[in-house]
Amino acid sequence: MTLATLQRDVARAVMQPLARSENMQRTAPGGGSMRSYAARYIKPNDRLTSFERLEIYNRQYWFRLLSSMNEDFPGLRAILGGRQFEAMSKAYLCDCPSRSFTLRNLGARLEPWLRQHPKWMQDKQVLALDMVRLEWADIDAFDGQASPALRAQDLSGTEGPNLRLSLQPYVQLLQLHYPVDDLLLEVKDGDHESTGFASNAFHERKKRHKVRAVAKLKAAQIFLVVHRVDFSVYFRRIGAEQFLLLNALRKGDHLMAAFESAFRKSSMPDTERGPAVQHWFQTWATLGWFCQPGKINVLSRKFAIKRA
Amino acid sequence: MPANRFNGLTDYGIGIGLRAPHYEHILSRKPVVDWFEIISENFMIDGGRPLHFLDQILEQYKVVQHGVSMYFGSAEKPDREHLRRLKALVKRTKTPWLSDHLCWGSVDGRYTHDLLPMPYTFEAAKLTAQKVREVRDFLEVPIAVENVSSYAEFHVSEMTEWEFLNEVVERADCGILLDVNNIYVSSRNHSFDPFTYVNSVPADRIAQIHIAGHSKFQKYILDTHDHPVIDPVWRLYERAIQRAGHTATLLEWDDSIPSFREVHDEAMKANRFLAVTSLAVAV
């Protein structure tokens, strides 16, 4: 047996879902007895059978990955409920096992996967997808690339209407159907408050609180920028015109084209547009959202556009 | 024998694993620590807070990189994106050596995120050594491979774990990160004498030593890094430094992480043994 064959066979068993009891399944990958499958590769000792030794790794795999999903998507868990979230996570990880050296990327394919498997979201599809997009944007904003900030001299020599401004790769733009930013902050606050509490009553109260928070959430379109200041991630709601303008800049449109995109369907009076735009740009520049043109690496730019 | 070509000819003392709950304490109090070990994968990112903290730490402390997902023992080729990011981090930290585990964990591009035990075969030793060489050539930094804790052994094994370790490091001409807690855990799980292991590794290849705590279950011991170091592990450590000399030593504490002071105090216990070794060398 080659090393590659042994590793492929053992990995199949390690990555096979656990039974409901959270023990290793009795049936091996591809059918047959798991006891025989384990005994084919693993030596027993005086305390543990081959099955039990392999089971240690099988359980560790699932506990580690499910814990990572819980950590990365607390908002989605609050929406689906703990049990449904765990079942969904197992199905997702079976279809989309980690293909990255880091657990940071474990949830990278969750949004497209959920779109293909809407049954996991039941009657909360729009809400759940909004939350997944927000939680993934949160991760990207936390450790995304920061390019050198735009300086005044970077703008010299370029005519205003033809100017192209680059957004920092870590700045994420989201158009959402629910105010999931409020919900996520509430869920995270609840999780932080629970630190140090061992009481069942407290956890039950917290769970009921989350369920109520989800239930009372009403649909309302919002435009959100997920960004960071001093290395902490913040959510900033903006208007539709601002969103369209920023989105156009991210796509590489020059200023004039971006303004046209922003105000094509706007009801804002013409007289208010100039001062509004001036104020927006001042705010965005203060928040450090613009970076020097041509300083974004290709990988980050592709990633940023995909997330917008 | 503290400085050798496997740890970049350094003579580092006692270090501590750099963990997020301690960032603020370290930067505000600036405790005296000889060096910090970082988990490479936590900093192989594009930007943000982790790299900001790392840069501040690098201004004040020596840092050594320790990886958890190179999987030298996996039959597949190293992931190019992983190597590219790792090399960028090596340039940032200027780590004098770099360590990762003697294990496997990925198959056909799918990652288990675990440190799975090797089958101790000559084929596996040859493939693993080849991969260590490839990674070292790409990263241009000395490599040390770490023995892992294990809970299973394979029928196909043709040698003991320490014979396999020796086979790999000789073929790859690389260093050893000797984890004496892992030796203890595996010795209990597989019923061998841990001192035989410590006495069998080539002392002149030991670049670094790991110490840590673990958790006991009814039928096996799990390497959890969530407890203080127990006396039998300290005795293995004592034996290791008797053989290897005053070697760079690192305490790992990764779960239920206590205050920085508690972790620091636990690490400093290694001084009891290092002092005796230094005295013996002087005499």
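Values in this document were obtained by computation on a predicted structure and should not be read as measured data. Just so it is clear: chains get the letters A, B, ... in the order the sequence lines come, proteins before strands, and each one is counted from 1.
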Side chains of A/Tyr57 and B/Pro117, heavy atoms from C-beta outward: is any pair under 4.5 Å? yes

Quick check on A/Arg228 against chain B: is it the side chain, the backbone, both or neither that has a heavy atom closer than 4.5 Å? side chain

Check whether any side-chain heavy atom of B/Ser69 sits under 4.5 Å from a side-chain heavy atom of A/Thr102, and report yes or no. no

Scored by heavy-atom pairs under 4.5 Å with chain B, the best of A/Thr2, A/Leu54, A/Val14 is A/Thr2

With chain B, which of A/Gln7, A/Arg99, A/Met1 has the greatest number of heavy-atom pairs at distances under 4.5 Å? A/Gln7

Quick check against the 3.5 Å criterion: does B/His155 have a side-chain atom that pairs as donor or acceptor with the backbone of A/Tyr41? no

Could you tell me if the side chain of A/Ser232 sits less than 4.5 Å from the side chain of B/Arg49, heavy atoms only? yes

Counting only non-hydrogen atoms closer than 4.5 Å, does A/Ile56 touch chain B with its backbone (N, CA, C, O), its side chain (CB onward), both, or neither? side chain

Do B/Glu41 and A/Arg104 sit within salt-bridge range, that is, some charged N less than 4.0 Å from a carboxylate O? no

Check: B/Gln218 and A/Arg47 side chains under 4.5 Å, non-hydrogen atoms: no

If you count heavy-atom pairs under 4.5 Å with chain B, which of A/Leu48, A/Asn45, A/Val233 comes out on top? A/Leu48

Would you say the side-chain atoms of B/Tyr111 pair up with the backbone N or O of A/Pro97, donor to acceptor, closer than 3.5 Å? no

Side chains of B/Asp114 and A/Tyr61: does their closest heavy-atom pair fall under 4.5 Å? no

Under the ring pair (Phe, Tyr, Trp, His ring centres under 6.0 Å) rule, collect the residues that match up with B/His52, sequence neighbours excluded. A/Phe231

To the closest 0.5 Å, what do you measure between CG (B/Asp46) and OH (A/Tyr170)? 13.5 Å

For residues 122-135 of chain B against chain A, heavy atoms under 4.5 Å, the residues are B/Glu123, B/Ala124, B/Leu127

In terms of heavy-atom contacts, does CG of A/Asp230 have more than 12 from other residues, nucleotides or ligands at under 6.0 Å? no

Taking atom CZ of B/Phe154 and atom CG of A/Leu6, what is their separation to the nearest 0.5 Å? 5.0 Å

State, with a plain yes or no, whether a side-chain heavy atom of A/Arg53 is found less than 4.5 Å away from one of B/Tyr220. no

Would the distance check show the side chain of B/His113 and the main-chain N or O of A/Ser98 forming a donor-acceptor pair, the cut-off being under 3.5 Å? no

Can you find a pair of side-chain heavy atoms, one from A/Gln60 and one from B/Tyr151, that are under 4.5 Å apart? yes

Please look at A/Arg12 and chain B and tell me whether the side chain, the backbone, both or neither of the residue comes under 4.5 angstrom of a heavy atom of that chain. neither

For chain B, which residues of residues 62-69 of chain A have at least one non-hydrogen atom nearer than 4.5 Å to it? A/Arg64, A/Leu65

Does anything in residues 161-170 of chain B reach chain A? List residues with heavy atoms under 4.5 Å apart, or say none. none

Whatever's closer than 4.5 Å to a heavy atom in chain B on A/Ala141 counts as neither

Distance from B/Asp108 atom CG to A/Arg8 atom CZ, nearest 0.5 Å? 4.0 Å

